[in-house]
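Report on the structure given below.
In this text, all values refer to a predicted model and were calculated from it rather than measured experimentally. In what follows, chains are A, B, ... by sequence order, proteins preceding strands, each numbered from 1.
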Amino acid sequence: MHEDLGKTEAALIAARRESLAALRSTCGDPFAQTRYAVETTAKELHASYGVLDVGQSAQSERWSLAGRLMSKRTMGKTIFADVHDRTGRLQVYIRKDELGDERFAVWDHLERGDVVGVTGYMFRSKKGDLTLHLVDFAPLAKALYPLPDKWHGLQDVEKRYRQRYVDLIVNDDVRDAMIARSRIISEMRRFIDANGFFEVETPTLLHVAGGASARPFLTHVNALDQQMQLRIATELNLKRLIVGGLERVYEIGRIFRNEGIDTTHNPEFTMLELYAAFWDVHDMMDFNEALIHHLVGAVSGEREELRVGERTISFKRPFARVAYLDGIARHGGYTREQLLSPGGAAAIVAELGLPPSPTHGHALDKIFEHVLEPHLIEPTFVVDYPTLISPLAKRKAGDPELVDRYELFCANMEISNAFTELNDPDDQRERFEQQVRERAKGDEEIPEPDWDFVRALEYGMPPTAGIGIGVDRLVMLLTGKQSIRDVILFPLQRQHG
RNA sequence: GCGCCUUUAGCUCAGUCGGUAGAGCAGCGGACUUUUAAUCCGUUGGUCCCGGGUUCGAGUCCCGGAGGGCGCACCA
């Protein structure tokens, strides 16, 4: 099992196993411990006893807490140790003359990495650190592997992702980012729930993965002996629920797309999709803006700006707005006529030096990405998308070549995508038929049509607005992280050989 | 898929022109009753990612491969 260990590592583990044996023979087996009465946290103690002056103590008040031993400074007959719990660090002070020789000697076998329960009273040390004066303790788990460098932490990115538990133990900023992610998502949920939405769960395994353009993962269901696909969006099922009359639904769920991996893409990622009957794209834009503004406030201490890399980005409302065609015209000089004709768009792609696109829609996406997206730093709603790249959105009244759709961009990243939903079944059927033709031209990311979805629309879907928000990227934005792996606990890695 | 970078002790990193493999931390032994990257003395520890090649001699140069990171392409 340990045949791949180096000699040094094997010796370190052997030494820790000896410590474990010593613990078992002196104060009992730490792994036999089932419970330690944890009454408080490091953070609570710092808050409660912050008023203590140097040398002052609160001897009559006993507290118990537990955590991981991260540092031990032995000074002969006393020890200073740092115990870390989920809220932070607490220093512990241990005296031989109070514990007695035998109990004090147990600390010879407690090392950096071990999990301990400690009980004592608070005082402020000579150097000003709030400290727990130890009265009683119990080893709760033994770390048989040594922890990484106490000063530099774990730097090896590969090991950080493959052994995230070690990363979380020693790198506080990683732990903070993951806690921030949890807080952001619960705050998002709270905000949405307060607006009368139902949280739902729709299937991950589908016969036809639709609602977006992406290659799906394929799998096989033994019980049915059928090939199935992992969902690439939750859109079509959520709109079925709108047809069913739930009116306001959302799902925060894992989406799977069998595409590339880089700093902004992981094959499985988290998306918020939300649908509101009787809203239109403008209602959704207001809601979207309020949600983002609220979350920025929540992570920034109620400020209206964020540090993103070298830059400070303002989230004061209202966010900027630019029409899709106007923006491309402004930064690239291309006209509506050029962009909305297949030949014109293909010519622009060639002029930009890009490889030829298989479809008109693909060409438009490339042009947008190269001409307008690099300028979208401040939060900006790009509105009035072309119909031909929006197969599920309702046409704009009086301008059928455009749809009532926007995407919110910030720091060059797409944060959300929203539109008034197409609810005309005949129009939807035609768009799907158009997609079949595009797919035949070689764009493998275009999904097969979900004809039952058209039937659902034939039962009558109320006018509805919908939105999708990439949760991982939003968390990146809100926590200032440059890589999606910094906000995903276990990013996908190649299996070791 | 293409390009660039990277892989040396448990961890963090040096390693010059091709000439006996280094440091700090951790570990081990010792001293120390308010330290906090504790300090001080002593000390163990190596498949230099893997496989070939050149050479009297390779961590170092060449070829091939693997893992990882970053760009590009693709996507969200």
Side-chain angles (χ1 to χ4, degrees), chain A residues 4-16 18-19 54-55 57 70-82 89-98 104 108 111-113 123-131 133 143-163 166 170-171 212-215 232-233 255-271 354-355 357-358 362 365-366 369 373 407 409 413-417 443-445 468-474 476 482-485 491 493-497:
Chain A
D4 56 341
L5 294 184
K7 277 185 201 165
T8 311
E9 190 173 14
L12 290 171
I13 291 167
R16 282 174 173 263
E18 281 177 33
S19 290
V54 170
S57 64
M70 293 301 288
S71 172
K72 192 175 85 169
R73 300 175 289 283
T74 306
M75 324 208 22
K77 298 185 177 67
T78 66
I79 299 169
F80 282 90
D82 293 339
R89 160 190 176 272
L90 185 71
Q91 178 166 263
V92 178
Y93 178 56
I94 303 136
R95 292 181 65 105
K96 188 177 192 177
D97 57 359
E98 294 177 4
F104 189 80
D108 289 342
E111 318 163 77
R112 178 175 149 80
F123 76 106
R124 193 179 289 279
S125 75
K126 225 181 242 182
K127 293 287 171 69
D129 207 355
L130 269 180
T131 304
H133 191 124
L144 295 174
Y145 271 88
L147 291 185
D149 195 283
K150 67 181 170 187
W151 187 240
H152 300 96
L154 184 62
Q155 300 297 323
D156 182 328
V157 285
E158 182 181 353
K159 189 164 275 194
R160 284 185 45 219
Y161 299 145
R162 290 189 194 276
Q163 293 182 259
V166 179
V170 297
N171 292 332
S213 290
R215 290 182 179 83
I232 58 174
I255 301 297
F256 306 86
R257 296 187 182 174
N258 207 342
E259 312 273 2
I261 302 174
D262 61 30
T263 47
T264 54
H265 298 86
N266 195 61
E268 51 178 311
F269 64 102
T270 302
M271 190 143 79
L354 302 170
S357 292
H362 188 272
D365 284 339
K366 293 290 105 186
E369 189 181 310
E373 195 177 309
E407 289 198 4
F409 283 83
M413 278 192 301
E414 181 196 330
I415 300 297
S416 39
N417 175 24
D443 195 339
E444 291 173 37
E445 278 145 14
I469 297 181
V471 172
D472 312 274
R473 289 179 179 184
L474 180 60
M476 284 172 67
Q482 303 295 309
S483 170
I484 200 168
R485 298 185 196 93
Q493 295 284 107
R494 192 181 294 273
Q495 185 167 33
H496 259 318

| Value rounded to 0.5 Å, distance of CD in Gln495(A) from CZ in Arg162(A) |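 Going from the CD atom of Gln495(A) to the CZ atom of Arg162(A) covers 9.0 Å.
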
| Thr131(A) side chain: which of U35(B), C70(B), G68(B) is closest? |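 So the side chain of Thr131(A) is nearest to U35(B).
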
| field | Nucleotide of U36(B), C70(B), U33(B) approaching Asp129(A) most closely (side-chain heavy atoms) | value |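 For Asp129(A), the side-chain atoms sit closest to U36(B).
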
Hey, does [X] reach any base, or is it just sugar-phosphate, or nothing, if we go heavy atoms under 4.0 Å?
X         : answer
His362(A) : sugar-phosphate
Phe123(A) : base
Lys366(A) : sugar-phosphate
Asn266(A) : base
Arg473(A) : base
Thr74(A)  : base
Gln91(A)  : base
Asp262(A) : base

Say we look at [N] and [M]: how far apart would their [atom1] atoms be, to the nearest angstrom?
N      : M      : atom1 : value
G69(B) : C13(B) : P     : 16 Å
G57(B) : C5(B)  : C1'   : 29 Å
C70(B) : G30(B) : C1'   : 48 Å
A66(B) : G51(B) : P     : 15 Å
C49(B) : U60(B) : P     : 8 Å
C63(B) : U54(B) : C1'   : 11 Å

Is the shortest side-chain N/O distance from [X] to OP1 or OP2 of [N] below 4.0 Å?
X         : N      : answer
Lys127(A) : U35(B) : yes
Arg494(A) : G68(B) : yes
Arg73(A)  : U35(B) : no
Gln493(A) : G69(B) : yes

| Is Asp97(A) paired with Arg95(A) through a side-chain N to carboxylate O contact shorter than 4.0 Å? |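 Judged by the 4.0 Å cut-off on N to carboxylate O distance, Arg95(A) and Asp97(A) do form a salt bridge.
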
| If you measure from the Lys or Arg side-chain nitrogens to the Asp or Glu carboxylate oxygens, is any gap between Lys72(A) and Glu111(A) under 4.0 Å? |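 So Lys72(A) does not pair with Glu111(A) through a salt bridge.
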
Where the side chain of [X] meets the backbone of [Y], is there a donor-acceptor pair that is under 3.5 Å apart?
X         : Y         : result
Thr74(A)  : Gly76(A)  : no
Asp262(A) : Thr264(A) : yes
Arg257(A) : Ile232(A) : yes
Asp472(A) : Phe269(A) : no

Residues in side-chain hydrogen bond (donor to acceptor under 3.5 Å, both in side chains) contact with [X], at least two apart in sequence or another chain:
X         : result
Asp82(A)  : Arg73(A), Arg89(A)
Gln155(A) : none
Gln482(A) : none
Ser125(A) : none

May I have the distance from [X] (atom [atom1]) to [N] (atom [atom2]), rounded to whole angstrom?
X         : N      : atom1 : atom2 : result
Ile79(A)  : U36(B) : CD1   : P     : 15 Å
Asp108(A) : G30(B) : CG    : C1'   : 13 Å
Met75(A)  : A37(B) : CE    : P     : 13 Å
Lys72(A)  : U35(B) : NZ    : P     : 18 Å
Ile94(A)  : U36(B) : CD1   : P     : 16 Å
Leu474(A) : A76(B) : CG    : P     : 18 Å

| field | Between Glu445(A) and His362(A), a side-chain donor and acceptor under 3.5 Å | value |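 Distance-only check fails for Glu445(A) and His362(A).
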
Can a donor-acceptor pair under 3.5 Å be found between the side-chain atoms of [X] and the base atoms of [N]?
X        : N      : answer
Arg89(A) : U36(B) : yes
Ser71(A) : U36(B) : no
Asp82(A) : U36(B) : no

| query | Which glycosidic conformation, syn or anti, is assigned to C17(B) if syn requires a torsion within 90° of zero? | reply |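 It is syn.
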
| message | Does the structure show Phe269(A) stacking with A76(B), if we require the centres to be closer than 5.5 Å and the planes to be within less than 30 degrees of parallel? | response |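 Stack criterion met.
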
| Position toward the 5' end of RNA chain B (nearest nucleotide), Arg485(A) or Thr264(A) |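 Between the two, 5'-proximity favours Arg485(A).
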
| task | At under 4.0 Å between heavy atoms, which parts of nucleotides 1-14 of chain B does protein reach? Answer with one letter per nucleotide, 5' to 3': B base, S sugar-phosphate only, - none. | result | --------SBBSS-

| query | Please, what dot-bracket string fits RNA chain B when only Watson-Crick and G-U pairs with both distances under 3.5 Å count, crossing ones use [ ] and pairs to another strand use |? | reply | (((((((..((((.....[..)))).(((((.......))))).....(((((..]....))))))))))))....

